[in-house]
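By convention in this document, chain letters (A, B, ...) are assigned in the order of the sequence lines, proteins followed by strands, and residues within each chain are numbered from 1.
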Amino acid sequence: MQNLKDQNLIRVSKGPFFAKVLENREISDNIYKLRIESEEIAQNSLPGQFVSIKCADLTLRRPFSVAGVRENSFDLLYKVKGTGTEWLTNLKTGDITDIIGPMGNGFSIENKKSLLIGCGVGIAPIDFFMDVLSAKSLPYKSIGCFRSKYKNAKEYDYHITEDGTSALKGKLSDYLEQIITETATEKIFICGPNPAMQYVTEYALSLNIETEVALEGDFACGTGVCMGCAIKIKKGNALESAKICKDGPVFKGEEVVWR
Amino acid sequence: MQNLKDQNLIRVSKGPFFAKVLENREISDNIYKLRIESEEIAQNSLPGQFVSIKCADLTLRRPFSVAGVRENSFDLLYKVKGTGTEWLTNLKTGDITDIIGPMGNGFSIENKKSLLIGCGVGIAPIDFFMDVLSAKSLPYKSIGCFRSKYKNAKEYDYHITEDGTSALKGKLSDYLEQIITETATEKIFICGPNPAMQYVTEYALSLNIETEVALEGDFACGTGVCMGCAIKIKKGNALESAKICKDGPVFKGEEVVWR
Amino acid sequence: MAVENPNTVDTSQKIGSLLLKNPIITASGTFGYTNEYEEFMELKSIGGIVTKGITLNPRQGNPQPRIKEVHGGLINSIGLENIGIQAFIEKKLPVLKENNINFIVNIAGESPEEYKKIASICQENEINAIEMNLSCPNVDKGCLEFGKDEESLYKLVLEVRKVFRGALIVKLGSNVSYPEKIAIAVQNAGADAISAINTVKAMHVNINKNYKGFKFIKGGLSGQSIKPLALNFIYEIKKHTNIPIIGMGGISNLNDMLEFFAVGSDAIQIGTGTFTHPNLSEKLAFKLENFMKVNGYNNLQALIHSLRTEDMNKNGND
Amino acid sequence: MAVENPNTVDTSQKIGSLLLKNPIITASGTFGYTNEYEEFMELKSIGGIVTKGITLNPRQGNPQPRIKEVHGGLINSIGLENIGIQAFIEKKLPVLKENNINFIVNIAGESPEEYKKIASICQENEINAIEMNLSCPNVDKGCLEFGKDEESLYKLVLEVRKVFRGALIVKLGSNVSYPEKIAIAVQNAGADAISAINTVKAMHVNINKNYKGFKFIKGGLSGQSIKPLALNFIYEIKKHTNIPIIGMGGISNLNDMLEFFAVGSDAIQIGTGTFTHPNLSEKLAFKLENFMKVNGYNNLQALIHSLRTEDMNKNGND
Ligand SMILES: Cc1cc2nc3c(=O)[nH]c(=O)nc-3n(C[C@H](O)[C@H](O)[C@H](O)COP(=O)(O)OP(=O)(O)OC[C@H]3O[C@@H](n4cnc5c(N)ncnc54)[C@H](O)[C@@H]3O)c2cc1C
Ligand SMILES: Cc1cc2nc3c(=O)[nH]c(=O)nc-3n(C[C@H](O)[C@H](O)[C@H](O)COP(=O)(O)OP(=O)(O)OC[C@H]3O[C@@H](n4cnc5c(N)ncnc54)[C@H](O)[C@@H]3O)c2cc1C
Ligand SMILES: Cc1cc2nc3c(=O)[nH]c(=O)nc-3n(C[C@H](O)[C@H](O)[C@H](O)COP(=O)(O)O)c2cc1C
Ligand SMILES: Cc1cc2nc3c(=O)[nH]c(=O)nc-3n(C[C@H](O)[C@H](O)[C@H](O)COP(=O)(O)O)c2cc1C
Ligand code: FES
Ligand code: FES
C-alpha cells in the first residue's frame, strides 16, 4: 500500500484537511469569525456550500457555511450555541482544525437583478455571495437583518435591526415590499431562520419572483449517505425525498415544504 | 428546608469541598506537587489517608494520598498516568477543585524505632508521615526508592535510585537488610508497588518485625459502600473481606493476601 | 435562582404503602446498608435509600478487578458481595431504625425459594419495603434469569407477594427481548411498583502488552451512557402498566430527573452519580424543591402531570 | 512507527464464500449505496462495504428529526428510508460493478416472504453477499421482531438460505434476552456468518421550555458508548457458535478493532465512526497493515489467534 497522502493528491479530495487557523475572534455579540488556511477549500467553494468541522471529541462534525474566500484561506461566521461552537471559540491562530468540504450545492450565479437576504448568522453565505457577484460584476442588492447592530466589515444596502441600532428599525417584513420595488428585484436569495425564509418565499411567489433558500437541519454524516437530514421537496405535483446536506443546502424556494 | 451550607456546618463533613489550588508544579519527572487550600482537610488528615478529586467530567473521582499539611492547606504528589492526572496538570493557582476527604485509615503513630519506606510516588504518604513523627519527636529513619533521582525538598536517610543518580545505586532489596540492622528497626511502614511491599513484608516477618503497608486499588465509591475495592485479609486463620478504601488503605503487612 | 413563591411545596410521593418525603432515592449497591453517607450529606433530605443487594447467605462476591471506568460510565462486577439477610437484620436494621432512615431492602436469590425466604424474614422483621433484584447481569444462577421469562417471573413475584405485605418493588433490567411482557407480568403478580433499569450487560477488554491474549471485566454498565437506554425502557413499559415506576440510569442532574418523570417515572434513584458527587441525591432534593417553588408547582403530582404530555409521538427505526 | 518488516503481509479474510482484502467493512446505513465516499478515501483500500438497508419497495422513512447526538454516540431514527431493491438493481448495482467495489447488500423485510423475495432477486442478479437485517430497533412490523424469537428466526433464515447461494450474513442486535439462543438458531439455519451489533434501543427526551410536555426521538444508539455492550454480545455468542462473526459497535481506532478480534470477531464494520472521520475505514486498513508488519504478523489469522487467548476468565455480576 502506498502512502495515503500521495494517493490523496491524485484525486479531487474533500478532505479531511488538517488546516491551520489564521484568525478567530468575536466580531459581534456571540458571533465569531474564523479564518482558516486551505487552498483546496478556498478555491473550490461556492456561496451556499458548507464545511464540516470536527469539534472536541464530539461524535458528529458541525456544519458551517463558507462566508468568504481568498487565494488560500476561507472564512466562517459562527454563533455560539452549544458544546461544539463553544469549543471553537478556544481555537487560536496556528491551531490545526480537522475539516471537510466544500459540501453540498451553492446558490445559482445568474445575471439577474438579485436581492440577497441574510438574517442573523444566516448572513454567512450571503457575505460570500456578495463577494462573488461583485467580482463578476453581476447586479445585486443586499439586506442584513439582525436583532441588534451587527458589527462586520461588510456594508449591506439595507441594514435592518429590531432594536433600531442601524438605519432601519424593525423586521424584514416591514421593509421587504418597498425594497423589492425599489430594486426591481428579479430573484431573491435568502439564508436565515425558517419562518423568515418561508415568509419571503411565499411573498416572492405571489409576485412571481424566483427564490433560492439555504436550509439548515440536523446533520449526522453531512455527506448524503445517512438520510438523517432527508426532507420532502415538491417536484411539480409530486413529493420527492431530498437530502439537505447533499441536494441542498440551497433549494428553490417553491420546492420547499415548510412545516 | 434550610440552606445546605448551614446544615453542613453542624456536622463533621468530609466534603465535597470546593477548595482553591495554591500551587501546582512538576517537581520531578512526570511527578507534580499540588497544594490545595482547605483547613478541614489539613486539620483532620493523618498520614496514609487519602482524598478523592473530581477530575474533568470523569465519572469516578481519583484518589491521592495526603502528602503533607500546614495550618490550612495540604499537599498531594501525583504522577501523570491517564486522563485524570493529565487533567490535573492543567490546574492553575486560584482554580477551584472539588475534593472529598480525608478518607480511610492512616498509619499507626507509635513510639517505636520506625523505618519509613516510600517507592516511587508511594513516597507521598511517607513524606507526610515523616513530618508528623518529627513533630512528635518520635524515632524514625526514612528510605526513598526511585527509578531516577527524585527532586523533592525532603531529604531521606537513604535515597536509593536504580540509575545511581543518588548516593545508593540499585534496588531496595540490595540495601534493606543492612539498613534494618543499622537502624535497629522495630516497625516498618511502606507505600509503593505491590511487589516491593510484599517483599518487605515477608522479609520483615522473617525477622519478626511488624509492618504496615498502604495499598492501592481501583476505587469506584472510595467511601466503602460499593465493594469495588474489596480484598481478602487474614485474621488469624480466617479470611475476611476488607475494603481498601474504608478499612485501609493502611493494613498490617501480615494480614495482606498478596497475589 | 430567586425563590418567587415562599410557600412550602409538597414533594412527597407514595409508592404502594411506602411514603417518600420526596421522589429521590439512592440506588442499591451505591449507598451501603445504612448511614454510610452521613459524613457527606443529610440523610433525611432525601426520600429514602435502597440497601445493597442482600442474599439469604453472605456472599463473597467476585475476584478483583471489579471496577472499570469507561467512556461515560462504569462497569462493575461486584458479584453481590454482601453480609446476608441475618447479619443485615442483626447489625444494620437497628442502625436504620435509630437514624430514622426511610429504607428499601434490595433482595436477590439463587432460587424462587430463596427470594421467598428472604421476603418472609423481611416481613417478620416488619420491614416496610423490599426491592426484588431480578436483573443483575451475568449470574449463572438466579437473579437475571428470573427476570427474563415472563411466566416464571410472574410465579416468582406472586409467591413473594404472598409472604410480604409491605411495598413490593420489582427491579428490572433492559437486557430482555420484550420489556412490556416482563412489566405486565410483574404488575399482574401484584407488585406495587417497578424499578428500572439495572446495569446493562457489558464488557471491558484490555489487550495484553505483547498482543498475546487479553484481560477483561464482564459486568454491568451504569452511569450517563445508559440514560438513553433507561428512558426508552421506562417509556416502553409505562405504555403497558399503571403501577408506579421508579426510574434510574445515569441520572446526574435536575434535568435528567425531569426526563425520567416525563417518560413515566414516579420516583427516581441515584446510583453511580453518588460516586461522582457523594451528596448528589441531597443536592437534587434541594434543587427539585426550589425548582417547584420557582415554577409554581405546589405538589409533585402537578409537576409530573405537566411534564407527561407528549407533544410529538413517533416510532423510529433505522 | 517504523516499518521493521518490509515484506507484505496478508490481511485478507474469508466470510463464507466472500473474500475480503482486509477485515474492514463499512456498516449499513453509514456509507450509502456505492461510491459516495470516493471524495474522501480510496474505496479499494478496505475489505468491502455494506449498502444501506434495502427493502422490497422503496420506503419513505420517518419524519424529522431523525438524528440526535448524545454523550458518546448518536441516536438515529431514519426509518429505513431507501430506494427499494428494484431501483438498487437498476441504478446502484452497475455503479458498484463499474467501480469494482466489494459489497454486501443489507436487506430488510416486513415479512418472511419479503426477505425471501429480496434474497431471490439478489440471487438472480448474482450478488455475492447479503446481510439480513434482523435487528433494527422500533419497527412495528418486521426486522427486529424476527430477530427476537429463535424459532421463527431459524425458519426465516432457512427459507432465505434456500434461495440465496452467496455469502449469507445475519445481523443481530443486543436487545434480546438470550443472545446465544438467537446465534445458535442462525448458525443451525445455515447462515455463513453473524454480524453484530445493530444499534441499541434508546430514547432522547427534550423537555419543553415551559415544562409542559416533552419532545423525543426514539431510535437506535450507535457509536462509542455501545462498544462495551457490543464486546459483551460478541463474546457471549462466540462461546456458542463457530461461524465467522463480523463485529461492530463504536469502533473508532486500531485498538478498538483488536478488542473486537479478541472477543471473537473475524472481521469488523465501521459505522458511526465514518461520520466522525469520513476516511476512518481507510485509515484503519492502513494502520492494521502497518501494525502487522511492525509486530511480525504475516497474516491476519496469526494476529487473531494471538489476540484470542484469554488469560483471565471470570463471570461478573453485581
Ligand atoms: C448547512 C448548514 C450551514 C450552517 N452554517 C452555519 C453558519 O455559517 N454559522 C453558524 O453559526 N451556524 C451555522 N449552522 C448551524 C450550526 O451547524 C449549529 O449551530 C452548530 O452545529 C451547533 O453546534 P453546537 O455543538 O455548538 O451546538 P449543540 O450543542 O449541538 O446544539 C445547540 C442547539 O443548537 C441546535 N442545533 C444543533 N445543530 C443544529 C443545526 N445543524 N441546525 C440548527 N440547529 C442546530 C441543537 O438542537 C441545540 O438546541 C449551519 C448548519 C447547517 C446545517
Ligand atoms: C488510596 C490511594 C492512594 C493513592 N495515592 C496516590 C498518590 O499519592 N499519588 C499518585 O500519583 N497516585 C496515587 N494513587 C494512584 C492514583 O489514584 C491513580 O494513578 C490515578 O487514579 C490515575 O488516574 P488517571 O485518570 O490519570 O489514570 P487512568 O486513565 O484512570 O488510568 C491510567 C492507568 O492507571 C491505572 N489506574 C487507575 N486507577 C488506579 C489506581 N487507583 N491504582 C492503580 N492504578 C490505577 C489504570 O488501570 C490505567 O492503567 C493512589 C491510589 C489509591 C487507591
Ligand atoms: C457498584 C454497583 C453495585 C450495584 N449493586 C446492585 C445491587 O446489589 N442490587 C441491585 O439491584 N442493583 C445494583 N446496582 C445497580 C444500581 O442500583 C442501578 O440500578 C444502576 O447502577 C443504574 O443506575 P445509575 O446509572 O444511576 O448507577 C449496582 C450498581 C453499581 C454501580
Ligand atoms: C444513521 C444510521 C443508519 C443505519 N442504518 C442501518 C440499516 O439500514 N441497516 C442496518 O442493518 N443497520 C443500520 N445501521 C446500524 C449500523 O450498521 C451499525 O450496526 C451500528 O451503527 C453500530 O455500529 P457503529 O457504532 O460503528 O455505528 C445504521 C446506523 C446508523 C447510525
Ligand atoms: S446528514 Fe446524512 S444524509 Fe444529510
Ligand atoms: S471503592 Fe467502593 S468500597 Fe472501596
Side-chain angles (χ1 to χ4, degrees), chain B residues 1-18 40 44 52-63 82-84 98-103 194 215-232 239-246 257 259, chain C residues 8-9 11 22 26 29-34 36-42 44-45 52 58-83 217 222-225 250 252 271-280 282-283 285-286 289-290:
Chain B
M1 195 194 260
Q2 291 168 256
N3 184 293
L4 292 179
K5 285 263 171 55
D6 293 340
Q7 293 182 11
N8 268 332
L9 287 179
I10 56 157
R11 62 172 189 260
V12 181
S13 169
K14 301 217 156 171
F17 301 114
F18 297 95
E40 291 93 337
N44 295 322
S52 285
I53 308 189
K54 173 90 181 80
C55 300
D57 60 353
L58 293 171
T59 301
L60 299 183
R61 287 171 178 261
R62 299 297 192 254
T83 331
D98 173 350
I99 198 157
I100 60 174
M103 311 296 298
N194 271 2
L215 297 185
E216 276 197 13
D218 286 349
F219 289 179
C221 68
T223 59
V225 301
C226 78
M227 314 288 166
C229 68
I231 52 165
K232 292 272 168 278
L239 284 184
E240 270 181 19
S241 179
K243 291 159 277 186
I244 298 178
C245 68
K246 182 83 179 176
V257 182
R259 281 166 303 153
Chain C
T8 53
V9 297
T11 56
N22 62 45
T26 52
T30 65
F31 213 74
Y33 295 107
T34 62
E36 285 89 335
Y37 271 83
E38 70 179 355
E39 290 161 335
F40 297 102
M41 58 179 271
E42 180 58 61
K44 293 201 189 59
S45 66
K52 170 67 191 167
R59 273 180 67 105
Q60 307 257 329
N62 288 335
Q64 286 291 341
R66 295 178 171 186
I67 291 290
K68 183 68 206 181
E69 184 172 352
V70 295
H71 190 80
L74 169 69
I75 297 178
N76 88 77
S77 157
I78 306 297
L80 267 177
E81 171 164 357
N82 79 94
I83 57 173
I217 296 188
S222 64
Q224 279 191 61
S225 57
S252 58
T272 306
T274 293
F275 299 164
T276 317
H277 299 289
N279 59 348
L280 179 64
E282 180 190 54
K283 266 168 58 186
F286 179 73
E289 186 171 337
N290 202 37

Do you know which two heavy atoms are closest between [X] and [Y], and how far apart they sit?
{"X": "Gly32(C)", "Y": "Val225(B)", "result": "N-CB, 3.3 Å"}
{"X": "Thr276(C)", "Y": "Lys54(B)", "result": "CG2-CE, 3.4 Å"}
{"X": "Leu74(C)", "Y": "Ala220(B)", "result": "CD2-CB, 4.4 Å"}
{"X": "Phe275(C)", "Y": "Cys226(B)", "result": "CZ-CB, 3.6 Å"}
{"X": "Tyr37(C)", "Y": "Thr223(B)", "result": "OH-OG1, 2.7 Å"}

Looking only at atom types and distance, does a side-chain atom of Glu69(C) sit under 3.5 Å from a main-chain N or O of Thr59(B), one as donor and one as acceptor?
yes
Quick one: does Glu38(C)'s side chain have a donor or acceptor within less than 3.5 Å of a partner on Ser13(B)'s backbone?
no
Out of curiosity, [X] [atom1] to [Y] [atom2], how far, rounded to the nearest 0.5 Å?
{"X": "Asn82(C)", "Y": "Met227(B)", "atom1": "CG", "atom2": "CE", "result": "7.5 Å"}
{"X": "Asp218(B)", "Y": "Gln64(C)", "atom1": "CG", "atom2": "CD", "result": "7.5 Å"}
{"X": "Leu239(B)", "Y": "Gln60(C)", "atom1": "CG", "atom2": "CD", "result": "8.0 Å"}

Taking Ala230(B), Ser52(B), Gly224(B) one by one, which has the highest count of heavy-atom pairs under 4.5 Å against chain C?
Ala230(B)
Winner by heavy-atom pair count (cut-off under 4.5 Å) against chain C, out of Thr83(B), Leu58(B), Ile231(B), Asp98(B)
Leu58(B)
Engaged part of His277(C) at the chain B interface, taking heavy atoms whose separation is under 4.5 Å:
both
Greatest number of non-hydrogen atom pairs under 4.5 angstrom with chain B, of Pro278(C), Gly223(C), Gly61(C), falls to Pro278(C)
